[in-house]
Chemist: 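I have a structure I would like to understand better, so I am pasting it below and will then ask my questions one at a time.
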Amino acid sequence: MDRDAPAVGEGTNIDDEAPRIEPTIETEAATKTDDAELERTLGLVGGLAIGIGTMIGAGIFVFPGLAAGRAGPAAAGSFAIGAVIALFVALPASELATAMPKSGGGYYFISRGLGTFAGTVVGLSLWLGLVFATAFYLVGFGYYAVDTLAELGIAVGNGLVIPLALLFGAGFTVLNVTGTENAAKLQNGIVALLLSILVCFLGFGGLDALGLVGEPAAPERFAPFGAFPVLTTSALVFTSYLGFAQIATVAGEMRDPGRNLPLSMVGSVLIVGTLYVVTIFVATSAFGSERLAELGETAMVEVGRHYLGSIGALAIVFGGLLATISSANASILSTSRAVYAVSRDALLPRRASRINLRYGTPHVALGLAGGPILVLVATGQVELLAEVASFLHLVMYGLICVALVSLRRDEPEWYDPDFRTPGYPVVPAVGAVASFGLIGFMQPASQVTGVAVMAVTAGWYFYYARDVTLRGAL
């Protein structure tokens, strides 16, 4: 096996001793790229844009019709419950992130709190899970692009879906190679435009629903199917909140991480959760739960048409286009940082963590992110993989909470977070139980595939990485 020697203070392997090689221009350049660090160019706005931009998607543009069909107007409560559960994970993740503001996010926390085996399984699973999710976002982008053109009277057909997804997937990968700051500027602009559209639409819809403009909405029983469907619907819609931990994967590039990481993670959950709750209120006021259920995944387009005519429908379709763009861009960035962090620890060959000296980005890791994503996009079959990504994220979230308890119990010398989780140990305990518990509500096929992915990553640990020892948080 070819194993690259890790840097001092990171993952080390007892088999990684090699004879001394006289330095040349090429080996010196390689050493510089191996030792280079990512620059801290992201601020609070950039962190919020990554979290919000990744989470705004299915919760607004897909789930309202499905959720209302299951729980009625009380689906708003389902989204609120999902936000609370997300906060029970975001708070422990924030503490760990301020103690270890390194790229890699959940992988880094778990590997330092629970050991190399758990870190390897989570790190490689996170890489694959993000690849699955990003492919799903890009294919969704292709469909929204075609729908946007259709609303403008330009019928191009679904034959352009995959080519558009591939084109933009390759474009986002190249953009991320040219600098994190460039990708962040695009993310900030997209999220700002998306939030502007949603705030205007939901603001008008809310006024209409309250009877302050237009005709008053007919009242509907809040929970027509009882309380239990509200809880099961929470499991369905929780996948809408899987983006806040993406912020932690770029912790190594955040300025003032002790302040900006907790504010970004907690703030993004609160902002998105509020938008989701208001969306359900506006949607159920427009049509009622039964009609929304009939409309299914396209319900919000018709809600937009109900309130603002063709302009409203176009606004929703274009908003969905922006949401999939922001999710895909943020996820490519996060996927590459997961690969980068695992490679820095020598759990993958070290060459994957090399930094491009011109742009200051992990270009090899970005290739290992963008390449598999484009392969999956080309197949067009990504629906199952999206839920598998949720499965793998929920496993990671539960283990993040367990890692916090482990580190608080042992309190190693290097563990000195700038933020402490309020309500410890109840908060991480609830976060772990809720994360693992939601897995039980997923499709059996997703559960089996997720377990298979974790089994493969465990096999990689025993084949390649079992001799690696991780040292503290450095």
Side-chain angles (χ1 to χ4, degrees), residues 55-83 140 143-144 146-148 150-153 194-241 272-324:
M55 284 189 281
I56 289 184
I60 287 179
F61 300 102
V62 176
F63 280 148
L66 304 177
R70 290 189 177 197
S78 301
F79 277 102
I81 292 170
Y143 279 107
Y144 271 113
V146 169
D147 290 345
T148 300
E151 287 292 333
L152 294 172
L194 176 59
L195 287 178
S196 299
I197 292 172
L198 291 176
V199 168
C200 291
F201 169 72
L202 294 176
F204 181 85
L207 293 175
D208 188 285
L210 293 171
L212 299 178
V213 298
E215 296 295 326
E220 182 181 2
R221 185 180 172 191
F222 181 68
F225 310 115
F228 185 70
V230 177
L231 298 176
T232 57
T233 304
S234 295
L236 169 71
V237 303
F238 186 76
T239 56
S240 303
Y241 292 100
V272 171
T274 300
L275 289 173
Y276 286 165
V277 170
V278 174
T279 296
I280 292 295
F281 171 69
V282 168
T284 53
S285 297
F287 288 130
S289 304
E290 186 175 344
R291 175 62 175 152
L292 284 174
E294 293 174 359
L295 293 170
E297 290 90 340
T298 63
M300 284 307 296
V301 177
E302 297 309 315
V303 170
R305 202 184 308 277
H306 169 81
Y307 283 119
L308 296 170
S310 59
I311 293 177
L314 178 61
I316 292 299
V317 174
F318 184 62
L321 179 68
L322 292 176
T324 51

Chemist: How would you list, by chain and number, every residue that makes a side-chain contact (heavy atoms from CB on, under 4.5 Å) with Ser234, sequence neighbours excluded?
Modeler: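 Once residues adjacent in sequence are excluded, the partners of Ser234 under the side-chain contact (heavy atoms from CB on, under 4.5 Å) criterion are Ser78, Ile81.
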Chemist: Ignoring hydrogens, what is the shortest heavy-atom contact between Leu194 and Gly319? Give both atom names and the distance.
Modeler: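 Nearest pair, atom of Leu194 first, then Gly319: CD1-O, 3.3 Å.
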Chemist: For Leu207, is the CG atom crowded, meaning more than 12 foreign heavy atoms sit under 6.0 Å from it?
Modeler: yes
Chemist: Measure the shortest side-chain to side-chain distance between Leu195 and Ile56 over non-hydrogen atoms and say whether it is less than 4.5 angstrom.
Modeler: yes
Chemist: Of the non-hydrogen atoms in Tyr307 and Val282, which two are nearest, and what is the gap between them?
Modeler: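 Shortest heavy-atom separation between Tyr307 and Val282 comes out as OH-O, 3.0 Å.
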Chemist: Phe287: what forms a ring pair (Phe, Tyr, Trp, His ring centres under 6.0 Å) with it, not counting sequence neighbours?
Modeler: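 Partners of Phe287 by the ring pair (Phe, Tyr, Trp, His ring centres under 6.0 Å) criterion, ordered by chain and then number, come out as His306.
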Chemist: Step by step, would you call Leu321 with Phe318 a side chain to side chain contact (heavy atoms under 4.5 Å, CB included)?
Modeler: CA-CA 5 Å; Leu321 179 68; Phe318 184 62; 3.8 Å; yes
Chemist: If you round to the nearest 0.5 Å, how far is OG1 of Thr284 from CG of Leu292?
Modeler: 7.0 Å
Chemist: Which pair of non-hydrogen atoms, one from Val303 and one from Ala286, has the smallest distance, and what is that distance?
Modeler: CG1-CB, 4.2 Å
Chemist: Could you check whether any side-chain heavy atom of Thr324 comes within less than 4.5 Å of a side-chain heavy atom of Phe61, counting everything from C-beta outward?
Modeler: no
Chemist: Can you measure from CZ (Phe201) to CD1 (Ile316) and round to the nearest 0.5 angstrom?
Modeler: 4.0 Å
Chemist: Going by side-chain hydrogen bond (donor to acceptor under 3.5 Å, both in side chains), name the residues that satisfy it together with Ser289, two or more places apart in sequence or in a different chain.
Modeler: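 With neighbours one apart ignored, the set is Glu220.
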Chemist: Would you name the heavy atoms of Ala74 and Val230 that are closest together and state the gap between them?
Modeler: CB-CG2, 3.7 Å
Chemist: If you take all heavy atoms of Ile60 and Leu198, which pair is closest and at what distance?
Modeler: CD1-CD1, 3.6 Å
Chemist: Just jot down the side-chain contact (heavy atoms from CB on, under 4.5 Å) partners of Ala75, sequence neighbours excluded, or say none.
Modeler: Ala67, Ala71, Ile280
Chemist: Tell me, please, which residues at least two apart from Phe225 pass side-chain contact (heavy atoms from CB on, under 4.5 Å).
Modeler: Pro229
Chemist: Output all residues satisfying salt bridge (charged side-chain N to carboxylate O under 4.0 Å, His left out) with Arg305, sequence neighbours left out; order by chain, then residue number.
Modeler: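 Arg305 satisfies salt bridge (charged side-chain N to carboxylate O under 4.0 Å, His left out) with Glu151, Glu302 once adjacent residues are dropped.
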Chemist: Just by modelled atom types, is the Phe79 backbone N or O under 3.5 Å from a matching donor or acceptor in the Tyr241 side chain?
Modeler: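 Judged by distance alone, yes, a pair lies under 3.5 Å.
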Chemist: Check whether any side-chain N or O of Tyr144 sits under 3.5 Å from a backbone N or O of Ala323 as a donor-acceptor pair, and report yes or no.
Modeler: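 Looks like no, no N/O pair under 3.5 Å.
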Chemist: Could you work out, with salt bridge (charged side-chain N to carboxylate O under 4.0 Å, His left out) as the rule, every residue matching Glu294, not counting sequence neighbours?
Modeler: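 Scan of Glu294 (salt bridge (charged side-chain N to carboxylate O under 4.0 Å, His left out), adjacent residues dropped) gives Arg291.
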Chemist: Could you grab the distance from atom CG of Leu275 to atom OG of Ser240, nearest 0.5 Å is fine?
Modeler: 12.0 Å
Chemist: Check side-chain contact (heavy atoms from CB on, under 4.5 Å) between Ser310 and all other residues, then give those that pass, not counting sequence neighbours.
Modeler: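 Ser310 satisfies side-chain contact (heavy atoms from CB on, under 4.5 Å) with no residue once adjacent residues are dropped.
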